[in-house]
Amino acid sequence: MASEQLFPTQASLPPLPVPSLADTRERYLASLRPLLSPEDLAHTEELLNDFCRDGGGGAELQQMLEDRAGTERNWVEEWWEQLAYLRTRTTMAVHINWFGVIPDWGRPMSNVHAAALMIHGVCSVRSMILGGKFPVEQMRGQPLDMHQFTRVFGMA
């Protein structure tokens, strides 16, 4: 793979930051607010306060994450890859969408024709990746980590 073309900005990207324990706590609570009764939310907040206090279990786990982030560019990548994709025994083709939705081709066609178009598109992307010609993805004008593209094909 012509990685120097596929990854021209890779070395300049910052490592994946570890969110602060306080930020994680607040985001977790925000996700629970629409789901819990006021009583259950108050109880959960008490538990979180104990978990996140100095010397609590959360602080210890946070330190472990920060230590890992000190030695890895992406502290969660290996865990995510292993636990979300490689160790699961679910029917991943059904439950995990790797590539996106099947497009609306704008005209009626048979399943065979739609499958042929899809295969052609996937093979075109693979050819671009192998040739190092796949454009670097960006968000708000900043380049994104392209490492995941080395794992799109041939991982099963």
Side-chain angles (χ1 to χ4, degrees), residues 1-36 41 44-45 48-49 51-52 54 57-88 90-109 113-156:
M1 180 180 295
S3 61
E4 66 278 352
Q5 293 170 347
L6 183 60
F7 305 119
T9 59
Q10 205 70 10
S12 66
L13 295 175
L16 182 69
V18 178
S20 71
L21 184 57
D23 184 52
T24 301
R25 177 192 179 282
E26 290 309 311
R27 287 173 180 260
Y28 181 62
L29 277 176
S31 73
L32 294 177
R33 278 190 184 95
L35 305 173
L36 299 179
L41 185 62
T44 301
E45 202 159 0
L48 277 173
N49 289 340
F51 181 75
C52 295
D54 286 342
E60 182 179 342
L61 292 171
Q62 181 73 17
Q63 187 59 54
M64 290 170 64
L65 292 178
E66 290 173 8
D67 290 347
R68 182 175 172 90
T71 62
E72 305 284 333
R73 278 190 51 76
N74 184 331
W75 56 272
V76 77
E77 178 182 38
E78 180 185 359
W79 294 335
W80 184 258
E81 212 170 68
Q82 288 294 320
L83 297 173
Y85 298 117
L86 300 177
R87 290 186 188 168
T88 182
T90 62
T91 51
M92 291 177 46
V94 173
H95 298 291
I96 298 174
N97 186 346
W98 291 77
F99 297 106
V101 297
I102 295 175
D104 177 5
W105 302 104
R107 59 189 166 96
M109 65 179 66
H113 191 190
L117 286 172
M118 196 73 169
I119 290 168
H120 177 268
V122 167
C123 288
S124 295
V125 168
R126 184 168 195 270
S127 177
M128 289 171 63
I129 290 171
L130 290 176
K133 296 184 176 13
F134 199 83
V136 174
E137 292 195 346
Q138 296 190 359
M139 181 181 290
R140 297 182 188 144
Q142 298 298 315
L144 296 177
D145 186 339
M146 297 294 287
H147 180 70
Q148 71 271 15
F149 285 89
T150 65
R151 292 173 155 80
V152 171
F153 297 96
M155 285 297 293

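Note that the coordinates shown come from a computational prediction; the quantities given were computed from them, not determined experimentally.
Residues His113 and Met118 fail the side-chain proximity criterion, which asks for heavy atoms closer than 4.5 Å. With contacts defined as side-chain heavy-atom distances shorter than 4.5 Å, the pair Leu61/Met64 qualifies.
The number of heavy-atom neighbours closer than 6.0 Å to CZ of Arg25, taken from other residues, nucleotides and ligands shown, is above 12. By the neighbour-count criterion of 12 heavy atoms within 6.0 Å, atom CD of Glu78 is sparsely surrounded, having that number or fewer from other residues, nucleotides or ligands. Atom CH2 of Trp79 has more than 12 heavy atoms from other residues, nucleotides or ligands within 6.0 Å. For CD of Gln138, the number of neighbouring non-hydrogen atoms (other residues, nucleotides, ligands) closer than 6.0 Å is greater than 12. Environment of CE in Met109: crowded, with over 12 heavy atoms of neighbouring residues, nucleotides or ligands closer than 6.0 Å.
If you take CG on Leu65 and OG on Ser20, they are separated by 11.5 Å, rounding to the nearest 0.5 Å. For the atom pair CG (Leu29) and CD (Glu45), the distance works out to 5.0 Å, reported to the nearest 0.5 Å. Rounding to the nearest 0.5 Å gives a distance of 4.0 Å between NE2 of His147 and CD of Glu77. Arg33 contributes atom CZ, which lies 12.0 Å from atom OH of Tyr28 (distance to the nearest 0.5 angstrom). Note that the CG atom of Leu13 and the CG atom of Asn74 stand 11.0 Å from one another [nearest 0.5 Å]. Taken from CG in Leu48 to CG in Leu21, the straight-line distance is 9.0 Å, to the nearest 0.5 Å.
For Glu137, there are no side-chain hydrogen bond (donor to acceptor under 3.5 Å, both in side chains) partners at least two apart in sequence or on another chain. Partners of Arg27 under the side-chain hydrogen bond (donor to acceptor under 3.5 Å, both in side chains) rule, at least two apart in sequence or in another chain, are Asp23.
Side chain of Trp75 to backbone of Pro17: a donor-acceptor contact under 3.5 angstrom is found. Within the 3.5 Å criterion, the main-chain N or O of Cys123 finds no donor-acceptor partner in the side chain of Ser127. Side chain of Gln62 to backbone of Pro19: a donor-acceptor contact under 3.5 angstrom is found.
Listed here is the closest heavy atom pair of Val136 and Leu144: CG1-O, 4.3 Å.
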